[in-house]
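Below, chain A is the first sequence line, B the second, and so on; all start at residue 1.
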2 protein chains.
Amino acid sequence: MKLGPDISSTAALIGDPARANILTALISGCALTATELASEAGVTKQTTSSHLAKLVDGGFLSVEKQGRHKYYRLANHEIAALLESLANVAADIAPKRVRTGPKEPALRKARRCYDHLAGDIAVKMFDGFIAQGLIVNDRNSNQGFPTLTVKGTEFFDRFGIDIKNLKNQKRPICRSCLDWSVRRHHLAGGLGAALLSEFESRGWAKRSAKNRIIEFSQTGEQKLLAAFLL
Amino acid sequence: MKLGPDISSTAALIGDPARANILTALISGCALTATELASEAGVTKQTTSSHLAKLVDGGFLSVEKQGRHKYYRLANHEIAALLESLANVAADIAPKRVRTGPKEPALRKARRCYDHLAGDIAVKMFDGFIAQGLIVNDRNSNQGFPTLTVKGTEFFDRFGIDIKNLKNQKRPICRSCLDWSVRRHHLAGGLGAALLSEFESRGWAKRSAKNRIIEFSQTGEQKLLAAFLL
DNA sequence: TTCATAGTTCGACAATAGACGAACTGTGCT
DNA sequence: AGCACAGTTCGTCTATTGTCGAACTATGAA
C-alpha cells in the first residue's frame, strides 16, 4: 500500500533528543532564538545550529530574522498536532516522569512563555486590551505586529510601564504570540515582557524556577482583573 | 516545561525506514506475520525480528501467537492516529511520491488485507452476515472470535465453501479484523480467506500484483451483493 | 574603529544501531 | 522419526550522525 511518503524521515527528525527538546520548547507557540533553544536542548550552539537547519529544512520550523537574532517557531498547526499526538502516545508507553495531575491546570492558566505571560489569563488580558482599544491588531499594518494606540500608551504609562523607554528599544513593543493549546493569541514583545516583570515586582505573581508556571496570589489575580477591567 | 516523557525515543522508534514500513503495512488494522512484515519492510527475517521486538517493547504493536506463526498488529487507536498525523505532515513536506488521486477511492472500497477482503465492501459484508444471523459476534465467547452459526454453516456450504475442511484447520474460521481508516470490522480468518479466493475463482474479483487493490468486475459486484442480500 | 555577541561552517571523533550470515529453537506436517 | 518452515539469538561489520573545538561572518553597541 505504502501510504504517503517517507514517514520515517519525518519521524527521525523528531527522534533526536536535542531536536525533540527544541520542538517541545516551541510548542507553546512562542518564538525563541537559537541560543535560547540551545539551552533548552542542552547542547552547544554549533550543534543547535545544525539541528535548527535540519528542522527548518524539514518544514518543521519557520524562521524570522530580527536584527542579529533569529526567531524560530513551529511552522504550522499540523506540526503542533503531531507533537501532541506523539506526546500522547509517549505518555502511555513510558512511565510518566511528571505527574500530569494537579499541575497541568496551573500550566494552562498562567505560564511563562520566554519572558512574557501565556495561558488563559494572558489570552484574556490580550482580548481585553483590544476590546478596550488599548491595542489594535491589524495584520496588514505595522509589519503584522499589533499597534499600541494613544489611549493604550497613556493607560500603560499610568500603570507604571515606561513606554517611552520601550520605544527606544529595537524590539517591537507589541507582538502577538500564538498559544497552540488554545489556538488563541496573547501579548508578547517589549510590553508583554514589561507587564510580566511589573506583575512580579508588585508581588502579584511569582515565577517558578523549576517549570514554567507563573503563580498568581489570590489578591494579585484580583488586582490584575480589576486593573484591566476584565 | 518539558511536557510528557521522551517523545524523542517514541519518535525514533518510527524513525527507522524498516520499522516505518512495518507500521504503515499494519495501518490497515490487519494482523500480519513476522515474515510477511519482513517482505513489507524489505529486510531479512533476522533484522525484522529485532525491529518487531523493539516495536512490541515500545508498546506500538501487540502480538498473538498462533501455532508457529506470530501475528502482529497495531496496539491501539492512538498509535494509528499518530501514524496518520505523521503521514499528514510528511505529505506536506516531501514531494508526494504517489499521486493520491484516483487510486485512493478504489483502495477504500476493496483491498486485500493479508489473505482476505477489506474495505467498504468487506465491512458491508461483515455487517450483513451478522444481520442475517450467519455469524454472531460476541466478544465474551469463543475467545473473542466471531462464531459461525448453524444457519451460517449451511449458507456458506451452499455457497461453495467447504466449512468442514476449514474446521479441521488450526486457524480459526472467523476472525474480525479492524479497519483503522473506518473504525469498522470486517471478516478475516479461514472463512474470510476462503471467501476471497472463491470470489476470485468465480471471476468476480481480481487482485493486483502491484498494490492491494481488489478489483471487482461490475457483474461480479452485483452478484456478490445479490448472493449476500446486501 | 573596536569590541561583544548571535549564529554558521568545517573537521575530527566517537558512539550508536541497523544490516546480514550462520547457527539455534520450536512447531507442524507426513 | 524426519523434514520444512517460522522465528530468534549471536557476532561482526559498516555507515550514519550527533557532538564539540576552533575559526569564521554579521549585526549591533560604545
Roughly how many Å is it from [atom1] in [X] to [atom2] in [N], rounded to a whole number?
X	N	atom1	atom2	answer
His69(B)	dC5(D)	NE2	P	11 Å
Arg68(A)	dT8(C)	CZ	P	14 Å
Ile22(B)	dG18(C)	CD1	P	11 Å
Lys54(A)	dT17(D)	NZ	C1'	6 Å
Leu52(B)	dT8(D)	CG	C1'	11 Å
Asp57(A)	dT9(C)	CG	P	12 Å
Lys45(A)	dA22(D)	NZ	C1'	13 Å
Leu37(B)	dT8(D)	CG	C1'	15 Å

Taking any heavy-atom pair under 4.0 Å as a contact, classify [X]: base, sugar-phosphate, or nothing.
X	value
Tyr71(A)	nothing
Thr47(B)	base
Lys70(A)	sugar-phosphate
Thr33(B)	sugar-phosphate
Ala18(A)	sugar-phosphate

Item to check | Phosphate contact (dT19(D) OP1 or OP2) by His51(A) side-chain N/O below 4.0 Å | outcome: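 For dT19(D), OP1 or OP2 has a side-chain N or O of His51(A) closer than 4.0 Å.
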Checklist entry - Can you find a side chain N or O atom of Ser50(B) that sits less than 4.0 Å from OP1 or OP2 on dT8(D)? => result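 No, Ser50(B) has no side-chain N/O under 4.0 Å of OP1/OP2 on dT8(D).
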Checklist entry - Among dT27(D), dT8(D), dT19(D), which is the nearest nucleotide to the side chain of Ser49(B)? => result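 The answer is dT8(D).
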Checklist entry - Does Arg19(B) make a cation-pi contact with Tyr72(B) (under 6.0 Å, within 45 degrees of the axis)? => result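 Judged by the rule, Arg19(B) and Tyr72(B) form no cation-pi pair.
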Item to check | Approximate separation, where rounding is to 0.5 Å, of Ser49(A) OG and Lys54(A) NZ | outcome: 10.5 Å
Item to check | Presence of salt bridge, Glu36(B) and Arg112(B), under 4.0 angstrom | outcome: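 No, Arg112(B) and Glu36(B) are not salt-bridged.
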Checklist entry - With under 30° as parallel and over 60° as perpendicular, where do the rings of Tyr71(B) and His69(B) fit, or are they tilted in between? => result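 Plane angle between 30° and 60°, so tilted.
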Item to check | Evaluation steps, side chain to side chain contact (heavy atoms under 4.5 Å, CB included), between Leu23(B) and Leu55(B) | outcome: CA-CA 9 Å; Leu23(B) 290 170; Leu55(B) 287 171; 4.3 Å; yes
Next on the checklist: If you assign each of Thr44(A) and Gln66(A) to its closest nucleotide in DNA chain D, which residue comes earlier from the 5' end?
Outcome noted: Thr44(A)
Item to check | Presence of donor-acceptor pair under 3.5 Å, side chain of Gln46(A) and base of dG7(C) | outcome: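 No pair found.
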